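Beneath this line is the structure, given in structure tokens, with notes to follow.
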There are 2 protein chains.
Amino acid sequence: MTATVRRPGRVAKLPPRERILDAAEELFQSEGIRRVGVQAIAERAETTKMAIYRHFATKDALVAEWLRIVAADYQAAFDRAEAEHPDRPREQILALARFIAEGLPAISYRGCPFINSLAELPDRSHPARQVIEEHKALQTRRLVGMCAAAGLPDPEQAAAEITFVLEGAQVSAHNGSIAQPGERLMRIVEGILDRANR
Amino acid sequence: MTATVRRPGRVAKLPPRERILDAAEELFQSEGIRRVGVQAIAERAETTKMAIYRHFATKDALVAEWLRIVAADYQAAFDRAEAEHPDRPREQILALARFIAEGLPAISYRGCPFINSLAELPDRSHPARQVIEEHKALQTRRLVGMCAAAGLPDPEQAAAEITFVLEGAQVSAHNGSIAQPGERLMRIVEGILDRANR
DNA sequence: CCCTGATGATACCCAACGGTATCGTTCGGA
DNA sequence: TCCGAACGATACCGTTGGGTATCATCAGGG
């Protein structure tokens with residue numbers, strides 16, 4: 001019975017569930033949900049299909065869990081914006097726009113996970129759809145709150161405008177129709193915020 | 001090369017190629033490209049898979065041809081805007097925005113074909129990608145021209161802003177994050193155009 | 001030290017997909 | 001009227017997909 005000793009100095013592998021989610025995140029983002037098979041995720045996670053189905057009931061459940069993580073990342077950007085600019089809602093909104101603007105180069109390669117998932121999962125009863133819906137509703141609520149705090153005359157309308165612009169910048173970055181989308185996005189958001197101060 | 005017309009009268013079936021494209025349009029739009037099989041298209045078109053492969057080399061070629069038609073529809077909206085408001089670029093842009101705004105209820109059900117196709121076809125060498133790229137480039141060029149003709153101080157920037165807003169309205173209509181996206185969209189575009197006149 | 005639950009590995013099932021081969025039928029132009 | 005091209009129907013092929021069954025192995029806690 002030779003005990004297989006783990007090599008010293010080698011970083012311990014994460015538990016399977018984490019490795020699976022990491023692999024799923026990379027593959028779903030770079031190649032799309034429907035193009036990536038469970039087998040491919042298992043290989044990338046250095047495990048097997050069986051291990052995946054021990055942690056997730058179906059592939060759809062794995063997709064939903066992945067989107068839950070992505071949504072949490074985006075909400076964390078809201079948290080950071082609020083934490084780094086307390087009581088300065090205008091700066092919070094700009095920080096948020098900067099977060100999106102800085103992500104555009106990556107987005108241009110493969111697109112926004114939420115927009116893509118909506119396209120890839122037309123079934124409205126898919127568990128991932130609910131995750132997206134809730135995330136977007138929360139995002140809008142927080143943005144409206146920031147706009148109100150910033151003293152914009154019509155917070156709902158301003159939040160809608162900022163939302164459109166942020167989403168549109170991601171779409172345009174992806175399809176390549178607009179040059180320098182990041183710079184343009186920042187100028188636009190600044191313009192929206194400045195208009196209230198005139 | 002005269003088109004072979006089968007029978008006079010409204011009841012006559014269209015030729016197979018047209019029926020195939022009609023069926024593909026409905027199915028791709030409502031259920032997504034990858035979810036719809038060639039067999040399903042054939043059934044909807046009241047023909048067979050073989051007939052499809054007699055008119056289109058591959059499914060990918062059929063997808064590209066479908067997007068070519070959709071792109072032509074959008075470009076036709078530009079044409080109409082120009083024809084109905086000659087020498088009034090501001091009205092042309094508003095007509096365009098109205099065209100998008102009026103399409104939002106349909107978009108909210110399943111999303112914009114170009115955005116969805118980009119998500120569903122991550123392979124950058126897919127023939128449909130070139131169709132989308134050219135369409136979006138042409139759209140931007142025409143919009144910049146309209147903005148310049150409207151006397152907006154920075155036509156590229158204004159065109160970028162309008163593009164972002166139009167695309168973002170479609171995304172937001174699809175994910176349901178913004179109420180009344182059509183009305184909001186029109187107010188935003190009017191605001192962009194009015195800002196130059198102040 | 002041993003037992004139990006989690007893990008790794010392999011083989012398998014069944015359905016759906018894109019695409020092809022074949023053959024009989026239909027229809028319009030010459 | 002006749003011929004060839006287009007059309008319809010069906011069966012088929014190879015691959016890939018999600019999901020399952022089985023069994024050996026490993027690790028940690030009682």
Side-chain angles (χ1 to χ4, degrees), chain A residues 1-8 10-24 27-28 31-66 117 120-123 125-128, chain B residues 1-9 11-24 27-28 31-66 117 120-123 125-128:
Chain A
M1 289 286 134
T2 55
T4 48
V5 183
R6 186 160 299 186
R7 302 176 203 290
R10 185 161 170 182
V11 182
K13 266 188 187 173
L14 289 167
R17 191 188 147 92
E18 312 302 316
R19 301 203 314 269
I20 291 165
L21 282 170
D22 285 350
L27 290 173
F28 286 158
E31 299 185 33
I33 296 170
R34 296 186 65 88
R35 271 178 90 101
V36 171
V38 179
Q39 175 71 34
I41 298 173
E43 285 169 11
R44 180 126 189 170
E46 293 181 85
T47 179
T48 63
K49 257 168 61 166
M50 268 316 295
I52 293 181
Y53 283 101
R54 269 194 283 264
H55 289 281
F56 304 94
T58 63
K59 182 189 177 184
D60 289 342
L62 172 57
V63 171
E65 189 61 29
W66 162 60
S117 297
E120 290 202 85
L121 309 172
D123 180 359
S125 67
H126 192 289
Chain B
M1 298 300 173
T2 55
T4 54
V5 179
R6 295 293 123 128
R7 270 173 192 150
V11 244
K13 266 188 185 175
L14 289 166
R17 189 189 149 92
E18 313 301 317
R19 299 203 315 268
I20 292 164
L21 282 170
D22 285 350
L27 291 174
F28 286 159
E31 300 186 32
I33 296 170
R34 297 185 66 89
R35 268 178 92 103
V36 172
V38 179
Q39 175 72 33
I41 298 172
E43 284 168 13
R44 180 127 189 172
E46 293 181 88
T47 179
T48 63
K49 257 168 62 166
M50 269 315 296
I52 293 182
Y53 284 102
R54 272 195 280 264
H55 288 282
F56 304 93
T58 64
K59 182 188 177 184
D60 288 343
L62 173 57
V63 171
E65 188 62 28
W66 162 61
S117 297
E120 289 203 84
L121 309 172
D123 180 359
S125 67
H126 192 288

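All heavy atoms count here, side chains included; hydrogens, waters and symmetry mates do not. All values derive from a computational prediction rather than experimental measurement.
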Approximate separation, where rounding is to 0.5 Å, of B:Leu21 CG and B:Ile41 CD1: 9.5 Å
A:His55 side chain near C:dA6 phosphate (N/O to OP1/OP2, under 4.0 Å): no
Proximal nucleotide (of D:dG19, C:dG18, C:dG8) relative to the A:Tyr53 side chain: D:dG19
d(CD, A:Glu46; C1', C:dT7) in whole Å: 14 Å
Test: A:Lys49 and A:Glu43 ion pair at under 4.0 Å: no
Close side-chain approach of B:Leu62 to B:Val38, heavy-atom, < 4.5 Å: no
Interatomic distance where CG belongs to A:Leu121 and P belongs to D:dG18 [whole Å]: 13 Å
Whole angstrom value for the distance that separates C1' of D:dT22 from CE of A:Met50: 9 Å
Sugar-phosphate, base or nothing in reach of A:Arg19, heavy atoms under 4.0 Å: sugar-phosphate
Donor-acceptor pair present, A:Arg35 side chain and D:dG17 base, under 3.5 Å: no
Nucleotide of C:dT10, D:dT10, D:dC7 approaching B:Thr48 most closely (side-chain heavy atoms): D:dT10
Separation of atom CG in B:Leu27 from atom P in C:dA16, rounded to whole Å: 16 Å
B:Thr47, nearest nucleotide to its side chain (from D:dG8, D:dT20, C:dT20): D:dG8
Length of the line joining A:Ile52:CD1 and C:dG8:C1', which is rounded to integer Å: 13 Å
Polar side-chain atom of A:Arg19 near backbone of A:Glu46 as donor-acceptor pair, under 3.5 Å: yes
Out of D:dG8, C:dG19, C:dG8, whichever nucleotide has its closest atom nearest the side chain of B:Lys49: C:dG19
Heavy-atom donor-acceptor pair, A:Glu120 side chain to B:Glu120 backbone, under 3.5 Å: no
Check: C:dG18 base within 3.5 Å donor-acceptor of B:Arg34 side chain: no
Atom-to-atom span, CD1 of A:Ile41 to P of D:dG19 - whole angstrom: 11 Å
Whole-Å gap separating C1' (C:dG18) and CD1 (B:Ile33): 15 Å
Whole-Å gap separating P (D:dT16) and NZ (A:Lys59): 15 Å
